[in-house]
Each structure stands twice: as C-alpha cells, then as structure tokens.
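All values below come from the heavy atoms of this structure, side chains included, with hydrogens, waters and symmetry mates left out. Lettering follows sequence order; numbering is per chain, from 1.
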Number of protein chains: 2
Amino acid sequence: MPEQNNSNLHAMKVTCSNCTLRELCLPIGLNREELSQLDAVIRQSRRFRRGDYLFRSGEPFKSLFAIRTGFFKTCMSSQDGREQVTGFHMSGELLGMDGISANVHGCDAIALEDSEVCELPFSRMQCLSREIPSLQHHFYRLMSREIVRDQSIMLLLGNMKAEERLAAFLLNVSQRLATRGFAANDFILRMSREEIGSFLGLKLETVSRTLSKFQQQGWITVDHKHIQLVQPEALKALISGCTHAHQHA
Amino acid sequence: MPEQNNSNLHAMKVTCSNCTLRELCLPIGLNREELSQLDAVIRQSRRFRRGDYLFRSGEPFKSLFAIRTGFFKTCMSSQDGREQVTGFHMSGELLGMDGISANVHGCDAIALEDSEVCELPFSRMQCLSREIPSLQHHFYRLMSREIVRDQSIMLLLGNMKAEERLAAFLLNVSQRLATRGFAANDFILRMSREEIGSFLGLKLETVSRTLSKFQQQGWITVDHKHIQLVQPEALKALISGCTHAHQHA
DNA sequence: CGTGTTCTTGAGGTCGTTCAAGTTAGGTGG
DNA sequence: CCACCTAACTTGAACGACCTCAAGAACACG
C-alpha cells in the first residue's frame with residue numbers, strides 16, 4: 001500500500017483573494033492591497049481525511065482554522081470523561097475561537113469527511129486586524145456569532161423536547177446547506193445517530209425513534225443518512241408553535 | 001415618597017484607573033497614559049435597582065457593560081416565547097457581547113440586586129483597542145471565555161443529571177464569590193429557585209427537592225436563599241466521580 | 001395582621017433512557 | 001461471488017428521572 005503523493009494537489013494555489021468562500025469567511029469590502037496582506041498571513045490550505053484531528057483539547061492554541069471544504073465536529077469532554085459534541089461545522093466557518101482565552105484548545109475538532117482547512121495564525125491575524133479595522137470588527141462579529149449560536153443551543157438543551165430538538169437540528173442543517181448553495185431539502189447527514197444524539201443531549205435510540213416518527217408522519221424521508229425534508233413547514237411548526245402542538249397532541 | 005437625589009453618589013469619581021476591579025475587568029500592565037485614555041471613553045457608572053433592565057433583547061447594540069457591583073441575570077426567549085436564563089453575572093464581568101454579531105442585543109439583562117454598571121461604547125473601544133494591543137487581545141480573550149463558559153453549560157445541560165447540575169452550579173457560584181473575596185462556603189443566592197431551574201434546565205420543584213436532598217446528606221445547609229457548603233468535596237465528587245457515585249448509589 | 005409570592009413536599013404521570021434483540025450496510029477474505 | 005463480520009441503525013419493553021399537579025408552609029410587604 002504505497003503512500004500517495006499528491007504533490008500536484010498540494011501545489012494548488014489557494015489564496016483568500018481567489019477563494020469562493022470570501023463572503024462567508026471574510027469581511028466585505030477589502031481592497032486588493034488588504035487581500036494580499038491576508039494572503040501573506042494565511043497558511044495555504046491543508047487536507048484532512050475523515051477521522052483526522054484538526055486540533056485536540058489541551059494542545060497549545062496558535063491558530064484559528066477556516067474550513068474551506070468538508071465537515072467537522074467539535075467535542076468537549078468533562079473532567080470525568082463524558083464526551084459531548086458541541087457543534088458541527090461546515091465550509092466557511094471558523095474553528096478554535098475557544099482556545100483564545102487560555103491559549104489552549106478547549107475542545108477536539110475532528111473531520112467527519114475529507115476536508116480542506118486554512119490556518120490563520122492568531123497573533124499575526126491580531127496584528128493585521130489592527131491595520132484593517134473592518135477585519136478587526138469581523139473577528140469580533142464572528143466570535144459574537146459563536147456566542148449567540150451557543151446560547152441558542154443552551155435554549156434548545158434546556159427547554160425543548162426530543163422532537164423539537166431534532167426538528168430544530170434538521171432545519172438548521174438544511175438552512176446552512178442552502179446558504180452554501182446545496183439543496184435545502186435533500187441531503188446526506190455526515191454524522192452518526194450517536195453524534196447527533198450527543199449534540200442534542202439525547203441517546204442515539206431516541207434520535208432514531210424520532211426520525212422514524214417524523215417519517216411516519218410524512219414530514220421527512222429517512223434512508224440511513226440520506227434525509228429529505230418533505231414538509232419542512234411541519235418541522236417549523238413543531239418548534240415555533242410548540243404550545244399548539246402540545247395541546248392537540 | 002420623595003425621589004431620592006443621591007447627587008453626592010452620582011458625583012463619585014469612578015474611573016478605571018482607581019477601580020478595584022481592574023484585575024478582573026482590564027488587561028494587566030496598562031500604563032497611566034493608556035488608563036486615562038480608557039477613562040475618557042468609558043461612561044461613568046450607572047445605577048440599577050433590582051428588577052431594572054440593563055438592556056433588552058432586540059434593542060440596538062451600542063455598548064458593552066461592565067458590572068462594578070451587583071448581580072445580573074441574562075435571559076433569552078425563543079420564537080414561541082419560552083424563556084431561559086442563560087447566565088448569572090457578577091462584578092467584573094462583561095455583558096452584551098452577544099449583541100456585536102447583529103448589532104442588536106440578543107438577550108435581556110436584568111438586575112437581581114441593586115447594581116452599578118460601567119458603559120463601554122463599543123465602537124470607541126474598538127478604536128482604542130487598535131491603539132492598545134493588549135486591550136484588543138483582552139477583548140478577544142473575554143469573548144473567548146464567554147464561548148468556553150457557554151460550551152461548558154452545554155455540556156452540563158446535555159449530559160448531567162439534576163443532582164450533578166445543581167452541584168456544579170453551587171460550586172461555580174462559590175468559586176466566583178471566592179475570586180471576589182467573599183466567603184466561598186457561606187453565601188446568599190441572589191436568584192429564585194425558578195431562575196436557577198431555568199438556568200439548569202430543571203423545574204423549580206426539582207431544584208428545591210435536590211437542595212433538600214443535599215441538606216439531608218449533610219453536604220449543605222439551606223435556609224431559604226442562604227446556602228452553606230458544609231462538604232464541598234462531596235459536591236465535587238458528585239461531578240467528577242459520577243461513574244463512582246452512580247455505581248454505589 | 002392579612003395578602004401575595006416563594007418555597008417545600010407529596011403523589012402520580014410522562015418522556016426519554018436502558019437493556020436487549022434483530023436488521024441492514026459495507027468491508028474483507030476465502 | 002458469497003460467506004462472514006463488524007459497525008451503525010432500528011425497534012420493542014420495562015424502568016426511572018424528572019415533570020406536573022396540588023396542597024400546605026414560610027416569609028416579605030404593606
């Protein structure tokens with residue numbers, strides 16, 4: 001089994017200035033000069049295979065990572081060893097922001113499919129963001145967005161029932177895929193039932209049962225990891241109109 | 001009922017340079033010059049009575065707020081109106097960071113006791129942080145810390161049982177009070193059972209029952225809002241040694 | 001001293017978990 | 001190609017943790 005040498009792939013010229021994810025990942029309105037400054041700081045994309053660690057909890061924090069292509073999960077584990085998936089991450093998203101506070105990564109980031117990632121050395125980005133105000137603001141916004149995201153997950157974990165959690169999850173995936181130009185109502189889940197459960201604070205059996213229930217209702221079709229949203233409105237109603245659903249169920 | 005005019009209090013000169021919370025709230029190692037720049041930007045402290053809103057979800061975001069004295073809760077509500085307490089906040093902590101992403105406050109912040117707050121106009125802080133690198137880094141660190149905090153709450157909500165949640169909560173409060181020079185094992189809770197429950201994803205009855213259980217075990221004493229941690233180690237064991245506790249319970 | 005709010009405690013019900021068995025998909029080697 | 005194997009998933013049944021509903025107690029406030 002010879003080791004593959006994809007030197008032609010690694011030589012591929014990847015820069016921010018020609019990156020298709022610019023709108024997702026960078027502030028709008030950077031000029032040529034500023035873009036080339038960025039290109040100088042950002043390390044060309046690295047490839048990861050399914051199962052590879054992008055970083056591990058406890059490793060020294062040096063860089064943020066922007067996902068160019070692929071799919072990641074982040075996991076935290078508590079003192080006593082219990083693990084929890086804290087997020088699923090798609091192209092254009094930034095990983096590692098939790099490492100800034102203690103200069104140590106606070107979670108594991110693991111590729112759920114073959115992926116490509118740009119490395120943003122944090123201290124150099126910090127310097128650059130002093131020169132480019134819109135970049136500084138963009139970073140604050142990204143971190144703030146992460147806070148908002150985490151808090152809405154807290155709301156989900158604290159208040160919602162299993163069906164509502166799953167509905168919210170499916171709609172969230174759907175919406176993020178749509179943002180990236182993929183089909184909103186027909187997609188392949190990249191993660192296992194167990195990982196979904198861990199993320200949603202449920203057991204894998206409950207995830208499975210609930211997906212089956214949705215299918216029986218005719219709201220979705222489930223074929224292993226292939227999901228189709230047949231009646232996304234029904235899922236939305238589950239979340240926003242819980243009081244209703246609760247009454248007549 | 002005449003309106004009190006505490007002009008002497010309001011006239012009190014409150015500046016970062018003479019603030020006792022400097023270590024909690026500001027980066028270390030600022031020089032005189034930099035401190036006076038800060039003082040120029042930060043609005044003198046404002047007072048809030050128990051129940052007052054510091055800001056409301058949906059209001060335009062303009063400033064971050066640093067708690068000088070007092071105690072706040074932050075609440076989010078979902079589309080359908082369900083509320084959840086997303087955090088309790090003590091002196092030296094910064095509120096409003098979730099508003100940066102969308103320029104709109106994403107939660108309510110409500111005083112749980114009479115409090116005093118400094119206002120940090122965000123855009124001016126942004127400018128200042130460009131001139132003072134350690135300030136910029138400090139803000140990144142604070143936001144990162146908030147992300148870490150939120151994720152550990154996600155872990156709590158996703159994985160832990162009622163007893164473990166409550167134990168973690170009590171130890172967290174205790175530790176933060178200790179940081180501020182208060183007694184770690186003898187304190188008054190500022191929030192109701194319902195608010196604790198909302199924060200921990202439990203009903204108020206469960207909070208009450210679990211506190212009683214802890215008291216029966218001799219781990220704590222509960223007298224309404226007055227809590228004493230008699231055996232904090234027992235609570236710690238509950239969290240870190242759950243596998244153990246689980247086996248012999 | 002009465003009123004309303006917060007808290008405690010009990011009893012019964014529900015949702016999600018646990019445990020267990022069975023199914024399917026994908027990979028490996030004969 | 002098929003038999004085999006493992007991992008991931010599905011489904012059922014019983015249990016348990018937490019919730020719901022309800023009543024009573026303790027306290028705060030006027």
Side-chain angles (χ1 to χ4, degrees), chain A residues 1 49-51 73 82 84-85 112-113 156-169 188-217 220-227 238 242-243 245-249, chain B residues 1 49-51 73 82 84-85 112-114 156-167 169-170 188-217 220-227 238 242-243 245-247 249:
Chain A
M1 200 188 303
R49 299 205 154 280
R50 173 177 167 78
K73 68 170 177 180
R82 277 180 293 190
Q84 173 157 3
V85 174
L112 292 183
E113 62 178 24
L156 178 146
L157 293 172
N159 276 317
M160 293 190 181
K161 300 200 179 305
E163 292 190 3
E164 298 165 352
R165 295 185 196 190
L166 218 4
F169 170 74
I188 308 290
L189 291 175
R190 253 59 224 213
M191 70 295 282
S192 69
R193 301 288 190 264
E194 185 166 20
E195 287 165 332
I196 296 173
S198 172
F199 179 60
L200 296 178
L202 301 170
K203 295 295 156 185
L204 68 100
E205 294 95 328
T206 307
V207 173
S208 183
R209 263 187 261 275
T210 309
L211 286 176
S212 300
K213 202 182 293 177
F214 285 174
Q215 180 162 237
Q216 278 163 26
Q217 306 263 9
I220 68 175
T221 68
V222 183
D223 175 21
H224 255 232
K225 307 211 159 179
H226 179 199
I227 304 284
L238 240 193
C242 326
T243 42
H246 197 261
Q247 280 166 3
H248 84 89
Chain B
M1 199 189 306
R49 298 206 153 279
R50 173 177 168 78
K73 68 171 178 180
R82 277 180 293 191
Q84 173 157 3
V85 174
L112 291 183
E113 62 179 23
D114 294 359
L156 179 146
L157 292 172
N159 275 317
M160 294 191 181
K161 301 202 177 305
E163 293 190 4
E164 299 165 352
R165 294 185 198 190
L166 217 9
F169 170 74
L170 291 173
I188 308 290
L189 291 176
R190 254 57 229 214
M191 69 296 281
S192 69
R193 301 287 190 265
E194 184 165 21
E195 287 164 332
I196 296 173
S198 173
F199 178 59
L200 297 177
L202 302 169
K203 294 296 156 185
L204 69 100
E205 295 95 327
T206 307
V207 174
S208 183
R209 263 187 261 274
T210 308
L211 286 176
S212 300
K213 202 182 293 177
F214 285 175
Q215 179 162 238
Q216 279 164 23
Q217 306 262 10
I220 69 176
T221 68
V222 183
D223 175 22
H224 254 233
K225 307 212 161 181
H226 179 199
I227 304 283
L238 240 194
C242 322
T243 43
H246 199 262
Q247 279 167 3

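- Atom NZ in A:Lys203 sits roughly 10 Å away from atom C1' in C:dG16 (whole-Å rounding).
- Distance CG (A:Asn159) to P (C:dG16): 13 Å, rounded to an integer number of Å.
- Checking side-chain atoms of B:Arg50 against main-chain N and O of B:Asp114 turns up no donor-acceptor pair under 3.5 Å.
- Across all strands shown, B:Ser208 has heavy atoms under 4.0 Å from base atoms, whether or not it also approaches the sugar-phosphate.
- In this structure the side chain of A:Met191 never reaches within 4.5 angstrom of the side chain of A:Val85, judged on heavy atoms.
- Here C:dT8 presents its C1' atom at 13 Å from CG of B:Asp223, a figure rounded to the nearest Å.
- Residue contacts for B:Gly201: at a heavy-atom cut-off of 4.0 Å it reaches the sugar-phosphate backbone alone, with no base atom in range.
- At least one side-chain heavy atom of A:Glu195 sits less than 4.5 Å from a side-chain heavy atom of A:Leu112.
- Of the candidates B:Lys73, B:Arg190, B:Arg49, B:Arg190 is the only one forming a salt bridge (charged side-chain N to carboxylate O under 4.0 Å, His left out) with B:Glu113.
- In the 5' to 3' direction, nucleotides of DNA chain D lying under 4.0 Å from heavy atoms of chain B begin and end at D:dC18 to D:dC27.
- Between B:Leu166 and B:Ile196 the shortest side-chain heavy-atom distance falls below 4.5 Å.
- Residues passing the side chain to side chain contact (heavy atoms under 4.5 Å, CB included) test with A:Glu194 are A:Ser192, A:Leu204, sequence neighbours excluded.
- Within the 4.0 angstrom heavy-atom criterion, base atoms lie near A:Thr206.
- For the pair B:Glu194 CD and C:dC7 P, the interatomic distance rounds to 8 Å; values are reported in whole Å.
- To the nearest angstrom, P of C:dA25 lies 14 Å from NZ of A:Lys225.
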Just the atom pairs and distances: protein N or O near nucleotides 19-23 of chain C's N or O, under 3.5 Å.
unit_1 : atom_1 : unit_2   : atom_2 : d
C:dC19 : N4     : A:Glu205 : OE2    : 3.3

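- Nearest-nucleotide assignment on DNA chain C puts the 5′-proximal partner with A:Glu163, out of A:His224 and A:Glu163.
- Among the protein residues, B:Leu202 comes within range of the sugar-phosphate backbone only, with heavy atoms under 4.0 Å from sugar or phosphate atoms but none that close to a base.
- If you take NZ of A:Lys161 and C1' of C:dG16, they are 10 Å apart, rounded to a whole angstrom.
- With a 4.5 Å cut-off on side-chain heavy atoms, B:Leu211 and B:Gln216 do not count as touching.
- When side chains are defined from C-beta on, A:Arg165 does not count as touching A:Lys161, because their heavy atoms never get closer than 4.5 Å.
- A heavy-atom distance below 4.5 Å is found between the side chains of B:Phe214 and B:Glu163.
- Spacing between atom CG of A:Leu204 and atom C1' of C:dG16 amounts to 12 Å, rounded to whole angstrom units.
- Contact annotation: B:Ser212 reaches the phosphate of C:dT9 (side-chain N/O to OP1 or OP2, under 4.0 Å).
- Taking atom CD of residue B:Gln216 and atom P of nucleotide C:dT9, one finds them 7 Å apart after rounding to whole Å.
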